[in-house]
Amino acid sequence: MATDLKTYKFNHSMIRVKDPKESVKFYEYLGMKMIKKIEQPEAKFDLYFMGYDSPKAVSHGNHFSDREGLIELTHNYGTESDPDYKVSTGNAEPNKGFGHTCISVDNIQAACQRIEDAGYKFQKKLTDGRMRHIAFALDPDGYWVEVIGQNPLDATEDIKTTDLQTYRMNHTMIRVKDQEKSLKFYKEVMGMTLLRTSENKGANFNLYFLGYPGDAEVPATSANGVNPIADREGLLELTWNYGTEKDENFKYHNGNDQPQGFGHICVSVDDLDAACKRFEDQGVNWKKRLMDGRMKNVAFVLDPDNYWIEVIQNEKYKQRANW
């Protein structure tokens, strides 16, 4: 019984939503489609898996477990009619932790204008602040969705159209307390590769982008001079603010303690039993072992900041859950 880390995929990121109709509509407007819906009426929640599936998409036509870059929307029944219900987006003190999801687009100016024209709000427009090459749209719950370009900013400024079929769900960002511990964990335990590092010494933070390259080469630069990993899906961005690692009382909010919002990231693997045995041998902290509870097809590992990492079977390799 063995497991091949090269087959692993960063399958999805889960966020809780108040009103699934509004949330699904928003992510569909960003070009995604509902890849899978899992209804759990006895437990009073439904799961909506949103992702890119056009003929130009990275995972076009694949089983939902054999994909990267999905967003799982979790709806607990009744929140849509509760006037007091709201999620914790992870970007307000004292509950910072999860930061954002990010889509990459062909023509960023036109893409942002289209989102604005539909009446959706922005945390940061392209023209705001000093970083003119990124924007942050707000989903119906106030979660931040970063928008980055796949092409140089000056090459797309006069283009008024945008092709949703070229969009990618590029990455999910979480803040980490100790970058050395987190990088070691995600590389050595979870089997990810560090694809890019962005040091921002003047602003006292670094960004680390990790993922599962599979058989693809890890690009150092791109042909057009933009972010060399902008055309990928399913990356994990770790944000480290200098000095947090020295404060023994410092901790980030994992989104599952109250107030809730972000839930987990998820990795799909070639052999779930073998992968969990390997994690056990690595001495991980478990939130839920595979055979705990009633769900025997999922496990949850805890990362150094107590974020939850779901582990599921990639059904391409072995049928297990009949999702």
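Values reported hereafter were calculated over all heavy atoms of this structure, with side chains retained and with hydrogens, waters and symmetry mates removed. By convention here, the first residue in the shown sequence is residue 1.
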Review point. So among Thr162, Thr156, Thr161, Asn151, which one has a side chain to side chain donor-acceptor pair (under 3.5 Å) with Asp106?
Key: Thr162
Point to revise | All side-chain contact (heavy atoms from CB on, under 4.5 Å) counterparts of Glu310, not counting sequence neighbours | key: His12, Glu72, His264, Cys266, Val298, Phe300, Ile312
Point to revise | Side-chain heavy-atom pair Val58, Arg168 within 4.5 angstrom cut-off | key: yes
Review point. Which residues satisfy the side-chain contact (heavy atoms from CB on, under 4.5 Å) test with Glu245, sequence neighbours excluded?
Key: Asp178, Trp240
Practice item. Find the distance between CD (Gln313) and CG (Leu290) and round it off to the nearest 0.5 Å. Key: 10.0 Å
Exercise for review: Look at atom NZ of Lys125 and say whether more than 12 heavy atoms of other residues, nucleotides or ligands are closer to it than 6.0 Å.
Suggested key: no
Study note, to complete from the structure: Students should find that the hydrophobic cluster of Ile134, defined by side-chain heavy atoms under 4.5 Å apart, otherwise consists of Met131, Phe136, Leu138, Trp144, Ile148
Check your understanding: Does some side-chain heavy atom of Ile108 sit less than 4.5 Å from a side-chain heavy atom of Leu153?
Key -> yes
Review point. Knowing that exactly one of Gln123, Arg175, Lys96 qualifies, which makes a side chain to side chain donor-acceptor pair (under 3.5 Å) with Asn91?
Key: Arg175
Study note, to complete from the structure: Note: Phe205 and Asn241 closest approach over all heavy atoms is CB-OD1, 3.4 Å
Check your understanding: Do Gln150 and Ser104 meet the criterion of a side-chain donor-acceptor pair at a distance under 3.5 Å?
Key -> yes
Review point. Is there a side-chain contact between Val284 and Leu302 (heavy atoms, below 4.5 Å)?
Key: no
Review point. Out of curiosity, Asn107 CG to Ile159 CD1, how far, rounded to the nearest 0.5 Å?
Key: 4.0 Å
Point to revise | Asp141 and Ile15: CA distance, side-chain angles, deciding distance, side-chain contact (heavy atoms from CB on, under 4.5 Å) verdict | key: CA-CA 10 Å; Asp141 286 285; Ile15 54 175; over 6 Å; no
Study note, to complete from the structure: Smallest heavy-atom separation, Tyr8 atom then Ala275 atom, equals OH-CB, 3.4 Å
**Study point:** Between CG on residue Asp231 and CG on residue Asn170, distance to nearest 0.5 Å
**Key:** 8.5 Å
Review point. Do Asn95 side-chain atoms and Gly90 backbone N/O form a donor-acceptor pair below 3.5 Å?
Key: no
Point to revise | Co-membership, hydrophobic cluster, residues Ile309 and Phe64, 4.5 Å side-chain | key: no
Review point. In chain order, what residues pass the ring pair (Phe, Tyr, Trp, His ring centres under 6.0 Å) check against Phe262, with sequence neighbours excluded?
Key: Phe98
Exercise for review: Could I get the full list of side-chain contact (heavy atoms from CB on, under 4.5 Å) partners for Pro41, not counting sequence neighbours?
Suggested key: Glu39, Tyr77
Check your understanding: Do any N or O atoms from the side chain of Asp154 and from the backbone of Glu157 form a donor-acceptor pair under 3.5 angstrom?
Key -> no
Check your understanding: Does atom NZ of Lys287 have more than 12 heavy-atom neighbours, drawn from other residues, nucleotides or ligands, at distances under 6.0 Å?
Key -> no
Practice item. Please report the shortest heavy-atom distance between Ala299 and Trp286, naming the atom on each side. Key: CB-CZ3, 3.8 Å
Revision key, fill the gap. On a heavy-atom basis, the closest approach of Tyr29 and Ile115 is CE2-CA, 4.1 Å
Point to revise | Atom CD of Glu248: over 12 foreign heavy atoms under 6.0 Å | key: no
Check your understanding: Can you get from Leu235 to Val147 by hopping between Ile, Leu, Val, Met, Phe, Trp and Tyr side chains that sit under 4.5 Å apart?
Key -> no
Exercise for review: Would you check if Ile71 and Met169 make a side-chain contact, meaning some heavy-atom pair closer than 4.5 Å?
Suggested key: yes
Check your understanding: More than 12 heavy atoms of other residues, nucleotides or ligands under 6.0 Å from NZ of Lys36: is that the case?
Key -> yes
Practice item. For residues Leu207 and Leu238, determine if any side-chain heavy atom of one lies less than 4.5 Å from a side-chain heavy atom of the other. Key: no
**Study point:** Remaining members of the apolar cluster that contains Met173, side-chain heavy atoms under 4.5 Å
**Key:** none
Study note, to complete from the structure: Hits for side chain to side chain donor-acceptor pair (under 3.5 Å) against Arg289, two or more places apart or cross-chain, chain-then-number order -> Glu280
Practice item. Name all pairs fulfilling the salt bridge (charged side-chain N to carboxylate O under 4.0 Å, His left out) condition that reach into residues 5-28, sequence neighbours left out, sorted by first residue then second. Key: Lys9-Asp66
Review point. Do you reckon Phe279 sits in the same ILVMFWY cluster as Met295, going by side-chain contacts under 4.5 Å, direct or chained?
Key: no
Review point. Taking the side chain from Ser182 and the backbone from Gln179, do they hold a donor-acceptor pair closer than 3.5 Å?
Key: no
Practice item. Applying side chain to side chain donor-acceptor pair (under 3.5 Å), run through Thr3 and Asp271 and close with a yes or a no. Key: CA-CA 6 Å; Thr3 183; Asp271 186 316; over 6 Å; no
Check your understanding: Do Tyr242 and Asn206 have side-chain atoms, one donor and one acceptor, less than 3.5 Å apart?
Key -> yes
Practice item. Decide yes or no for Met190 and Tyr212: does some side-chain heavy atom of the first lie under 4.5 Å from some side-chain heavy atom of the second? Key: yes
Point to revise | Linked, directly or transitively: Ile174 and Leu195 (ILVMFWY side chains, under 4.5 Å) | key: no
Review point. How long is the gap from CD on Gln260 to CG on Asn256, to the nearest 0.5 Å?
Key: 6.0 Å
Practice item. Answer with yes or no whether the side chains of Tyr208 and Thr239 bring together a donor and an acceptor at under 3.5 Å. Key: no
Check your understanding: Do Tyr252 and Phe250 have their ring centres less than 6.0 Å from each other?
Key -> yes
Point to revise | For Tyr85, ring pair (Phe, Tyr, Trp, His ring centres under 6.0 Å) partners two or more places apart | key: none
Check your understanding: Considering residues at least two apart in sequence or located in another chain, which fulfil the side-chain contact (heavy atoms from CB on, under 4.5 Å) criterion with Met34?
Key -> Val24, Lys37, Tyr48, Met50
**Study point:** Min side-chain heavy-atom separation Lys121-Glu116 under 4.5 Å
**Key:** no
Revision key, fill the gap. Residues pairing under salt bridge (charged side-chain N to carboxylate O under 4.0 Å, His left out) where one sits in residues 42-62, two or more places apart or in two chains, turn out to be Lys33-Asp53, Asp53-Arg67, Lys56-Asp163
Point to revise | Derivation and outcome, side-chain contact (heavy atoms from CB on, under 4.5 Å), residues Thr7 and Asn314 | key: CA-CA 9 Å; Thr7 65; Asn314 182 335; over 6 Å; no
**Study point:** Pairwise distance CD1(Ile103) to OH(Tyr27) - rounded to 0.5 angstrom
**Key:** 9.5 Å
**Study point:** Check: Gln113/Asp117 side-chain N/O donor and acceptor closer than 3.5 Å
**Key:** yes
Exercise for review: Tell me yes or no: between the side chains of Tyr186 and Asp303, is some donor less than 3.5 Å from an acceptor?
Suggested key: yes
Check your understanding: What pairs of residues pass the ring-ring contact (aromatic ring centres under 6.0 Å, His included) test when at least one of them lies in residues 159-181, not counting sequence neighbours?
Key -> His100-His171, His171-Phe209
Point to revise | Heavy-atom pair of closest approach, residues Gln165 and Ser54 | key: O-OG, 3.1 Å
Review point. Below 4.5 Å, heavy atoms only, C-beta onward: do Met291 and Lys296 meet side chain to side chain?
Key: yes
Check your understanding: Distance from Phe10 atom CZ to Leu236 atom CG, nearest 0.5 Å?
Key -> 5.0 Å
Review point. Closest approach of Ala135 and Leu126, non-hydrogen atoms and distance?
Key: CB-N, 3.9 Å
